[in-house]
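What follows is a short report on a single structure.
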Amino acid sequence: MKSLTILLSISKLEPTDYVGFTFFVGCMAMMAASAFFFLSLNQFDKKWRMSVLVSGLITFIAAVHYFYMRDYWASFNESPTFFRYVDWVLTVPLMCVEFYLILKVAGAKTNLLWKMIVLSIVMLVTGYIGEAVYKGSAAIWGLISGIAYFWIVYEIWLGEASKLAKNAGGHILSAHKILCWFVLVGWAIYPLGYMMGTSGWYNGFIPSGNIDVAYNIADAINKIGFGLVIFNLASKSQD
Ligand SMILES: *C/C=C(C)/C=C/C=C(C)/C=C/C1=C(C)CCCC1(C)C
């Protein structure tokens with residue numbers, strides 16, 4: 001029903017609606033970044049093209065979701081949780097694919113790829129259950145999601161992926177390290193947003209409030225920033 005109303009409504013953005021504004025800016029930033037990545041493709045060696053293409057796909061998928069999320073927010077003044085998670089479940093596994101793609105040169109095997117994809121999907125599906133389905137037990141679902149998140153962090157900082165990056169050295173190692181910081185710091189904004197929007201043991205010290213601004217800022221930093229690190233790696237590895 002709501003999705004039908006979205007299609008039919010001509011939603012308007014109020015000038016005082018700063019949350020809606022961040023959806024709008026998010027949409028534009030993701031579109032601009034996608035154009036940038038796609039149009040740069042030809043300047044790269046074949047072996048880097050796939051990585052840059054995936055960077056563009058990540059921001060493009062996000063741009064489309066931001067278009068809908070902006071509309072949803074403007075129409076209902078409610079968090080577009082469903083669109084948010086559909087976006088994440090498509091883009092986060094692609095970010096995991098990026099780790100694999102840049103480490104392939106150093107001999108990364110597809111089992112690393114699948115491990116990262118499965119972990120990210122477990123993280124997001126359990127997060128969605130806690131945020132939208134069984135809100136009463138948000139803390140437990142968040143915990144399961146958090147374990148999957150830390151597993152990913154472990155994998156890239158200390159596990160197989162980090163060993164491959166060390167073997168590769170040079171530009172690949174430096175890019176890998178920056179991406180590791182994105183996952184540890186940039187991605188940590190999401191569980192904080194989750195705790196702001198759900199109830200659990202953490203409510204005593206984490207303020208509750210609208211979580212969309214936090215998610216929107218995090219998405220812009222993580223998706224565009226991540227893509228630029230890959231872009232930079234591809235440019236440097238040209239010569
Ligand atoms: C572009 C979108 C990105 C990088 C989204 C990342 C999302 C997360 C790292 C979400 C993590 C969560 C937890 C670790 C626990 C609580 C539930 C989530 C799904 C918000």
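Both counts, for ligands and for their atoms, begin at 1 and track the order of listing.
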E160 with K115: basic N within carboxylate O range, under 4.0 Å: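 Yes.
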
Quick check for you: to the nearest 0.5 Å, what is the distance between M95 atom CE and I58 atom CD1?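 The CE atom of M95 sits 5.5 Å away from the CD1 atom of I58.
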
Identify the two heavy atoms, one from Y149 and one from V183, that lie closest to each other, and give their separation to 0.1 Å.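 So the two residues come closest at OH-O, 2.8 Å.
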
So, for I156 and H176, which heavy atoms are closest and what is the spacing to 0.1 Å?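 Minimum heavy-atom separation between I156 and H176: O-NE2, 3.0 Å.
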
Could you establish whether Y85 and ligand 1 come within less than 4.0 Å of each other, counting only heavy atoms on the residue side?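 Under 4.0 Å: yes for Y85.
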
Per-atom contacts, ligand 1 versus [X] - under 4.0 Å to a heavy atom:
X: M95; result: 4 (C)
X: Y149; result: 14 (C)
X: K223; result: 1 (C), 2 (C), 3 (C)
X: V92; result: 2 (C), 3 (C), 4 (C), 5 (C), 6 (C)
X: D219; result: 1 (C), 2 (C)
X: S145; result: 12 (C), 13 (C), 14 (C), 15 (C), 16 (C), 17 (C), 18 (C), 19 (C)

Tell me, do N77 and Y72 make a side-chain contact under 4.5 Å, heavy atoms counted?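 The answer is no; the side chains never approach within 4.5 Å.
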
Option whose closest heavy atom lies nearest to atom 8 (C) of ligand 1, chosen from W141, Y190, Y194: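 Selected option, by shortest heavy-atom distance: Y190.
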
Closest non-hydrogen protein atom to atom 9 (C) of ligand 1, residue and atom name please, with distance?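 Minimum-distance protein heavy atom for atom 9 (C) of ligand 1 reads M123 CE, 3.4 Å.
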
In terms of residue, atom name and distance, what is the protein heavy atom nearest to atom 4 (C) of ligand 1?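 Nearest protein contact, heavy atoms only, for atom 4 (C) of ligand 1 is W187 NE1, 3.5 Å.
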
Identify, with sequence neighbours excluded, every residue that meets ring-ring contact (aromatic ring centres under 6.0 Å, His included) alongside Y128.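 Once residues adjacent in sequence are excluded, the partners of Y128 under the ring-ring contact (aromatic ring centres under 6.0 Å, His included) criterion are Y85.
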
Is there a donor in the side chain of T198 and an acceptor in the side chain of E131, or the other way round, less than 3.5 Å apart?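 Judged by distance alone, the side chains do not pair up.
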
